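The structure appears below as structure tokens.
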Amino acid sequence: MDFTIIIESLPPLLKATLITILLALVSVVFALILGFFTALARISKIKVLKAVGSFYISIFRGTPLLVQIFVIYYGLPQIDIELSPITSGILALSLNAGAYLSESFRAAILAVDKGQMEAAVSMGMTYGQAMRRVILPQSIRIAIPTLSNTYIILIKDTSLVSVITVTELLQMSTLIIAKTFEPLTIYLLAAALYWVVISFFTAVLDRLEKRTSKHVA
């Protein structure tokens with residue numbers, strides 16, 4: 001193993017790792033918002049909202065993420081919607097993760113005892129106030145383990161946006177290999193960086209889960 005190549009490759013790989021982390025962070029923020037409102041639509045009594053939410057989830061859980069990336073980046077320009085590679089990547093990752101998160105949110109909301117909603121309403125709260133002050137804080141704590149898993153998966157899924165030339169960790173590895181012809185060394189280095197990043201966020205999310213579980217118990 002050539003340690004000179006490792007030393008020279010580390011700076012660009014670390015820079016690409018930051019792009020990977022930012023991609024995952026931005027995507028998970030949009031996915032959380034999308035997933036939350038889709039979950040509300042799914043438990044709504046309005047049939048149209050429920051149907052739209054169900055259709056969205058069915059599409060994005062029923063097709064590969066790679067296909068979704070291709071449709072957004074290569075397909076949308078045919079109807080005059082052109083997005084940059086990074087925007088396309090974030091959009092695809094957010095839509096895909098949002099579909100999975102919505103089911104987590106929905107299950108967490110339904111897990112809260114119905115009696116708490118009835119009690120809140122009997123105290124004079126509106127449905128919206130009861131959801132915001134009583135149901136949602138509890139359901140978010142219940143959903144944290146699933147949300148954590150989705151975020152970890154999202155970090156790994158960012159590697160798929162390399163196919164549309166986003167210079168994240170995997171794409172940078174490929175570029176370096178084209179110059180050094182050292183695929184084993186560079187891919188092992190990239191794998192080690194993914195492992196470090198995912199281990200760090202897993203530890204942070206595990207700690208958050210333990211802290212919030214005390215309030216759920």
Side-chain angles (χ1 to χ4, degrees), residues 5-6 8-38 55-102 104 147-202 204-205:
I5 291 177
I6 294 176
E8 291 178 350
S9 302
L10 261 180
L13 286 176
L14 287 172
K15 187 177 178 181
T17 302
L18 288 177
I19 295 174
T20 292
I21 293 171
L22 284 175
L23 269 175
L25 283 174
V26 174
S27 299
V28 82
V29 169
F30 286 122
L32 284 170
I33 296 169
L34 190 57
F36 174 70
F37 284 105
T38 303
F55 180 70
Y56 158 65
I57 292 169
S58 175
I59 289 293
F60 282 91
R61 292 181 66 181
T63 57
L65 175 57
L66 188 59
V67 173
Q68 296 161 18
I69 292 171
F70 283 148
V71 168
I72 291 172
Y73 185 64
Y74 294 112
L76 290 184
Q78 287 196 329
I79 54 172
D80 296 326
I81 300 176
E82 293 192 18
L83 302 174
S84 70
I86 287 183
T87 305
S88 298
I90 289 173
L91 183 59
L93 290 168
S94 302
L95 287 169
N96 184 271
Y100 287 93
L101 286 175
S102 68
S104 302
L147 303 183
S148 301
N149 287 334
T150 302
Y151 181 63
I152 298 303
I153 292 170
L154 191 57
I155 293 174
K156 290 187 278 189
D157 282 347
T158 57
S159 63
L160 292 175
V161 301
S162 64
V163 298
I164 55 174
T165 70
V166 175
T167 316
E168 44 68 65
L169 182 52
L170 184 60
Q171 174 70 359
M172 180 58 74
S173 303
T174 305
L175 294 174
I176 293 173
I177 289 168
K179 294 179 182 175
T180 61
F181 303 104
E182 289 282 351
L184 180 61
T185 302
I186 302 302
Y187 280 138
L188 283 177
L189 200 52
L193 289 171
Y194 274 117
W195 177 76
V196 169
V197 170
I198 289 173
S199 296
F200 171 76
F201 281 106
T202 300
V204 171
L205 294 169

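Just so you know, these numbers come straight off a predicted model, no measurement behind them.
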Beyond-backbone contact of Q68 with L95, side-chain heavy atoms, under 4.5 angstrom: no
Candidate list I152, L66, L65, T150, test side chain to side chain contact (heavy atoms under 4.5 Å, CB included), partner D157, passing option: L65
Beyond-backbone contact of I90 with L23, side-chain heavy atoms, under 4.5 angstrom: yes
Pairs flagged by ring-ring contact (aromatic ring centres under 6.0 Å, His included) wherever residues 60-94 is involved - sequence neighbours left out: Y56-F60, F70-Y74
Side chain to side chain, V197 and L169, heavy atoms closer than 4.5 Å: no
Note, L93 side chain near L160 side chain (heavy atom, < 4.5 Å): no
Minimum heavy-atom distance I59-T63, with the two atoms named: O-OG1, 2.8 Å
Check: S159 side chain, K156 main-chain N or O, donor-acceptor pair, under 3.5 Å: yes
Neighbour count >12 (heavy atoms, 6.0 Å) for atom CD1, I86: no
Close side-chain approach of L170 and V161, heavy atoms under 4.5 Å: no
I176 side chain reached by P12 side chain, heavy atoms, under 4.5 Å: yes
Pair listing, ring-ring contact (aromatic ring centres under 6.0 Å, His included) test, anchored in residues 149-195, at least two apart: Y151-F201
